Amino acid sequence: GLKTLHLGSCVITTNLHGIRSGFSEIRDSVQAKDEIIDIRILRKTQSLQGTKPADRCCLLHHILRLYLDRVFKNYQPPDHHIFRKVSRLANSLLTIKKDLRLCHAHMSCPCGEEAAEKYSQILSHFEELPPQAAVVKALGELDILLQWLEEA
Amino acid sequence: DGAAVLPAPQNLSVRSVNMKHVLTWSPVIVPEEIIHYSVEYQGEYESLYMSHIWIPSSWCSPTQRPECDITEDITATVSYSLRVRATLGSLTSAWSTLKHRFNQNSTILTPPRMEITMDGFHLLIKLEDLGPHFEFFVSYWRKEPGAKEHVKVVRPGVLPVYLEMVEPGAAYCVKARTFVKAIGRHSAFSQPECVKVQGEALPL
């Protein structure tokens, strides 16, 4: 059902269960294409849980922008079935990002140093990889992002 | 280039009731020929980030009927663009696009159909299964002045539901409404249904 995300003073609800079930339908096929197994883009040291509450909203906002701007957009689905599932994920995460933007408008999504530092680390992990490999790995790591959201 | 020879489908619209969404259009008529249609959609994400990308619908690429169940394609609470074109052999019409984008939060929610039954002195309710999006708020009370109204939340798939023990000779009323979390909306309440319990009222 609906999950309430507590991101500092930004509190939003989202259909996390629906997103998780949508992702689980493609997880194995996406992760199977990730050949770089000894590197992670979303690392524990940059997790939402390891970030002070006030900065969690901003960090998540940046991560979602990375996914929407550079992952979903550049992912090449092998077939229409996967394409529809990825579209569902992209549109669902877009909904979350729109809610975070509302928090931002209401001054409840501040961007502190910690959020900026952790996001730049995530971005560098992403950019260290060849572009298409980074896209595939990041999509497979939605597992991790959803885990962070489930614990938020 | 035969692209524009076939007329494009007209009068596109979406009929959405209880989170079931059907796109309809006026059929393209070519005497003694079978026309096929292809439906494609774009979520808000695709419109914003990759506007040249359209996704073939799950069930109607192609189809022969002038309608398409797009329920499985509308999977997020964002606005969707939809388009249809007609095909006859190698001839293909231009695309027709739905004038107003569709969002599932505009679906019509109807009061649920319900059936009140008794099992001995147990009051039971049976509710229509509207699918995984739906929860039911069931309200029930003893039909007498000042009676307290009880509410029970029933999740999809749990039918029929036991409501409460009843007393012989008393009357009880029940009403229900649906709630869809994904869009944060509920239906109107159904008309109350009342039942009278057999037997003599217990002495006070």
Side-chain angles (χ1 to χ4, degrees), chain A residues 1-5 11-26 61 63-102 131-132 135 138-139 142 146 149, chain B residues 19 21 38-63 68-82 101-105 131-137 153-158 178-186:
Chain A
L2 288 189
K3 156 85 177 169
T4 300
L5 301 184
V11 180
I12 63 173
T13 56
T14 182
N15 185 5
L16 207 50
H17 176 75
I19 298 173
R20 171 64 80 178
S21 76
F23 176 67
S24 61
E25 291 183 55
I26 61 169
H61 194 254
I63 294 172
L64 291 180
R65 199 177 56 199
L66 174 66
Y67 272 84
L68 295 172
D69 284 356
R70 299 176 63 172
V71 177
F72 294 118
K73 196 171 178 178
N74 298 309
Y75 177 66
Q76 289 149 16
D79 56 56
H80 286 151
H81 172 72
I82 300 278
F83 195 180
R84 291 187 196 103
K85 298 302 173 186
V86 171
S87 169
R88 174 180 182 174
L89 289 167
N91 281 286
S92 299
L93 294 187
L94 177 63
T95 306
I96 297 177
K97 181 168 177 283
K98 286 161 76 176
D99 287 340
L100 297 185
R101 203 184 301 148
L102 284 178
Q132 201 48 41
V135 163
L139 192 58
L142 267 179
L146 293 175
L149 294 180
Chain B
M19 296 295 271
H21 322 304
S38 291
V39 175
E40 294 184 343
Y41 67 93
Q42 233 185 23
E44 195 167 332
Y45 175 76
E46 285 77 24
S47 307
L48 290 172
Y49 290 81
M50 30 207 268
S51 55
H52 60 291
I53 297 288
W54 289 80
I55 305 169
S57 82
S58 304
W59 300 111
C60 314
S61 278
T63 181
C68 175
D69 184 339
I70 54 173
T71 303
E72 285 187 29
D73 298 323
I74 308 292
T75 51
T77 306
V78 293
S79 66
Y80 282 81
S81 269
L82 294 146
R101 299 171 65 89
F102 170 72
N103 191 316
Q104 64 180 3
N105 62 16
H133 283 293
F134 286 79
E135 287 184 346
F136 298 85
F137 286 70
V153 176
V154 173
R155 287 197 171 49
V158 181
T178 64
F179 181 67
V180 179
K181 277 188 173 175
I183 59 175
R185 282 182 45 220
H186 53 68

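All values reported here derive from a predicted model rather than from experimental measurement.
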Item to complete: Drop me the distance from B:I55's CD1 to A:K85's NZ, to the nearest 0.5 angstrom.
Response: 11.5 Å
Worksheet entry | Structural part of A:K98 lying under 4.5 Å from a heavy atom of chain B | side chain
Worksheet item: Is a side-chain donor or acceptor of A:R88 paired with a backbone partner of B:A76 at a separation under 3.5 angstrom?
Response: no
Practice prompt. Against chain A, label B:S58 side chain, backbone, both or neither, depending on which of its atoms sit under 4.5 Å from a heavy atom there.
Written response: both
Discussion item. Quick check on B:L48 against chain A: is it the side chain, the backbone, both or neither that has a heavy atom closer than 4.5 Å?
Written reply: side chain
Item to complete: Return yes when atom NE2 of A:H80 has more than 12 non-hydrogen atoms of other residues, nucleotides or ligands closer than 6.0 Å, and no otherwise.
Response: no
Worksheet item: A:L68 versus chain B, heavy atoms under 4.5 Å apart: side chain, backbone, both or neither?
Response: both
Worksheet item: Between B:E46 and A:S87, what is the shortest heavy-atom contact and its length?
Response: OE2-OG, 2.9 Å
Fill in: Heavy-atom donor-acceptor pair, B:Y45 side chain to A:S92 backbone, under 3.5 Å
no
Worksheet item: Under a 4.5 Å heavy-atom cutoff, which of B:M50, B:E44, B:E72 has the most pairs with chain A?
Response: B:E44
Discussion item. So which atom in B:T77 and which in A:T95 form the shortest heavy-atom distance, rounded to 0.1 Å?
Written reply: O-OG1, 4.0 Å
Worksheet item: If you round to the nearest 0.5 Å, how far is CD1 of B:I183 from CG of A:N15?
Response: 11.5 Å
Worksheet item: What distance separates B:K181 NZ from A:T13 OG1, expressed to the nearest 0.5 Å?
Response: 10.0 Å
